[in-house]
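Let me begin by presenting the structure, written as structure tokens, before commenting on it.
Throughout, a chain's letter reflects where its sequence line sits, starting with A, and its residues are numbered from 1. The figures here come from the full heavy-atom set of this structure, side chains too, leaving out hydrogens, waters and symmetry mates.
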2 protein chains.
Amino acid sequence: MKQIAESTVRRLSLYLRFLEDYRRQGLETISSGDLASLGGMTSAQVRKDLSFFGSFGTRGLGYSVNALAHRIREILGLEREWQVIIVGAGKIGAALAQYRAFGERGFRIVGIYDVDPARIGVSLDGTIVKDQRELDADLQSVKPDIVLIAVPAEAAQPLLERVTKAGIRGVLNFAPTPLHAPSGVTLRSVDMALELELLSYTLTSAMA
Amino acid sequence: MKQIAESTVRRLSLYLRFLEDYRRQGLETISSGDLASLGGMTSAQVRKDLSFFGSFGTRGLGYSVNALAHRIREILGLEREWQVIIVGAGKIGAALAQYRAFGERGFRIVGIYDVDPARIGVSLDGTIVKDQRELDADLQSVKPDIVLIAVPAEAAQPLLERVTKAGIRGVLNFAPTPLHAPSGVTLRSVDMALELELLSYTLTSAMA
DNA sequence: GGGTGCTTGTGAATGTTTTCACAACTTATT
DNA sequence: AATAAGTTGTGAAAACATTCACAAGCACCC
Ligand SMILES: NC(=O)c1ccc[n+]([C@@H]2O[C@H](COP(=O)([O-])OP(=O)(O)OC[C@H]3O[C@@H](n4cnc5c(N)ncnc54)[C@H](O)[C@@H]3O)[C@@H](O)[C@H]2O)c1
Ligand SMILES: NC(=O)c1ccc[n+]([C@@H]2O[C@H](COP(=O)([O-])OP(=O)(O)OC[C@H]3O[C@@H](n4cnc5c(N)ncnc54)[C@H](O)[C@@H]3O)[C@@H](O)[C@H]2O)c1
């Protein structure tokens, strides 16, 4: 299939949330216009996004909330459970370990690791922080799908290499440094300092 | 001036980091090719990005590390200090309050607020969590530039309205819900659950 | 069963971003 | 002073993403 734009997939995730809201309210159908106004985009955008994957709607009526939600979950790979480990049990690692939204979406935290003896053994929402020396063995036995990198910037690239060598194919990085992943590995980064800089840019040029 | 693409500004932030690394290493010039290989983009991309703002390089030689860094800081609005407050002193709010990278870039955390009596009074890296009832008065007196929203999703939109009414023009939201800001307000969102879903999508389609 | 009103799905048009490719210029060398 | 080697800055081309606009299809009503 033709390559789908990241922006499209990002919107798909949003549509799914809106669909779940609609379901919670007991509504059975939704139109592209409804989805659009919830997300601040146009209805043509919504229909075009969905059209890349097939035609799920009924002309004159809209989309079945349940059917569309199910189809989007399928597209995003959310029908299964993903096993996730976190490396770095510091401030952000601990927050992530206790973040409920992950579990609700099928991302199950199955381990968290640190080097600092003071952090090892601590319980975060039921998960005990393990020594990072156990990481390699656990990568072999548990075979997690995704690693969250929550270590200091200078430790991030070596860690990335370590986990990809062990067969990890999905990584979400929180260290504020661009990482280089081998091909076949999907790497995404969340960089909060950079987001603030973007805000700074917009505020600055809006003034001028 | 013509509207600059967000992707360009995002890369500018990265270039600035690379320049600071170069400076730390004592290097005085850098070429578009050097910047490109550090960031995993092409040298044409680097030059095009910079060309939107002027011509800063020397043909045959490259860019002066100091001069370019200074110019990018100017463009991004990082020559000044930004006053930042955090609302929500929970797990993510606390992590953000203690995040060093913000201060290093001139984003000064000048207040953090919560509703929960158990959180109020707690010290986070020297900043005491205040009662959110003090928020409106502080918005008037302190006049912060940027608000970080770190409250539960259902409290986010009301909070956004509250702070924008008080004159806040820049907001970085961590709640996993699309917010609607009045015009003139710059709103950005960091949505970690959504990032994981994007990873899920890529891993899923890579398999198929 | 035909008419009415509404909404989808999608080519075509438009707008945006990236890549290409090379003239123009700088420095170093002979 | 002329040549060589290297790098920028930038129009033009290509690739990509969004918006437009409307025929096609369905539900509902009379
Ligand atoms: N605090 C935040 O809000 C925040 C936000 C965004 C990004 N980040 C980034 O996340 C990373 C962690 O930040 P933090 O604020 O949690 O810092 P932190 O110092 O609280 O946590 C880092 C943890 O990583 C551990 N660690 C170091 N090297 C390790 C290794 N090789 N293996 C396993 N564990 C290791 C340390 O022992 C420490 O517990 C940094 O890269 C930071 O820039 C932090
Ligand atoms: N934990 C994470 O790693 C994480 C990651 C990304 C996003 N988020 C999002 O950030 C938000 C907070 O998450 P958290 O995990 O820190 O939850 P949390 O429950 O630990 O913290 C939320 C805090 O907000 C406070 N609060 C609630 N309403 C408020 C109001 N009106 N004014 C001021 N304070 C108020 C609560 O008392 C609580 O202390 C949520 O929207 C969550 O989805 C969390």
Under 4.0 Å between a side-chain N/O of [X] and OP1 or OP2 of [N], yes or no?
X: A:Arg11; N: D:dT18; result: yes
X: A:Tyr63; N: C:dG9; result: yes
X: B:Gln45; N: C:dT19; result: yes
X: B:Thr42; N: C:dT19; result: yes
X: B:Ser32; N: D:dT8; result: yes
X: B:Ser7; N: C:dT18; result: yes

By nearest atom, which of the nucleotides [options] is closest to the [X] side chain?
X: A:Arg59; options: D:dC26, C:dC20, D:dT8; result: D:dC26
X: A:Thr8; options: D:dA17, D:dT7, D:dT18; result: D:dT18
X: B:Lys48; options: C:dG9, D:dT18, D:dT10; result: D:dT10
X: A:Leu61; options: D:dA27, C:dG9, D:dG9; result: D:dA27

Looking at B:Leu61, is its backbone amide N or carbonyl O close enough to the side chain of B:Thr58 to form a donor-acceptor pair, meaning the two atoms are under 3.5 Å apart?
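Checking the backbone N and O of B:Leu61 against the side chain of B:Thr58, no donor-acceptor pair under 3.5 Å is found.
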
Output yes when A:Arg188 and B:Glu197 qualify as a salt bridge under the 4.0 Å nitrogen-oxygen rule, no when they do not.
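Judged by the 4.0 Å cut-off on N to carboxylate O distance, A:Arg188 and B:Glu197 do not form a salt bridge.
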
Whole-Å distance between [N] [atom2] and [X] [atom1]?
X: B:Leu50; N: C:dT18; atom1: CG; atom2: P; answer: 13 Å
X: B:Arg47; N: D:dG9; atom1: CZ; atom2: C1'; answer: 7 Å
X: A:Glu28; N: C:dT7; atom1: CD; atom2: P; answer: 17 Å
X: A:Asp49; N: C:dT8; atom1: CG; atom2: P; answer: 13 Å
X: B:Asp34; N: D:dT8; atom1: CG; atom2: C1'; answer: 13 Å
X: A:Met41; N: D:dT19; atom1: CE; atom2: P; answer: 10 Å
X: A:Phe56; N: D:dG25; atom1: CZ; atom2: P; answer: 18 Å
X: A:Phe53; N: C:dT10; atom1: CZ; atom2: C1'; answer: 16 Å

Single hit among A:Thr29, A:Asp34, A:Leu68 for side chain to side chain contact (heavy atoms under 4.5 Å, CB included) with A:Tyr22
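Of A:Thr29, A:Asp34, A:Leu68, side chain to side chain contact (heavy atoms under 4.5 Å, CB included) with A:Tyr22 is met by A:Asp34 alone.
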
Testing A:Ile85, A:Val129, A:Leu148, A:Val87 for side chain to side chain contact (heavy atoms under 4.5 Å, CB included) with A:Ile112, which one passes?
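Running side chain to side chain contact (heavy atoms under 4.5 Å, CB included) over A:Ile85, A:Val129, A:Leu148, A:Val87 with A:Ile112 returns exactly one hit, A:Val129.
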
What is the nucleic acid contact for A:Ser43, judged by heavy atoms within less than 4.0 Å: base, sugar-phosphate only, or nothing?
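No contact.
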
Please verify the inter-ring angle class for B:Trp82 with B:Phe107; under 30° counts as parallel, over 60° as perpendicular, anything in between as tilted.
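Parallel, since the angle between the ring planes stays under 30°.
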
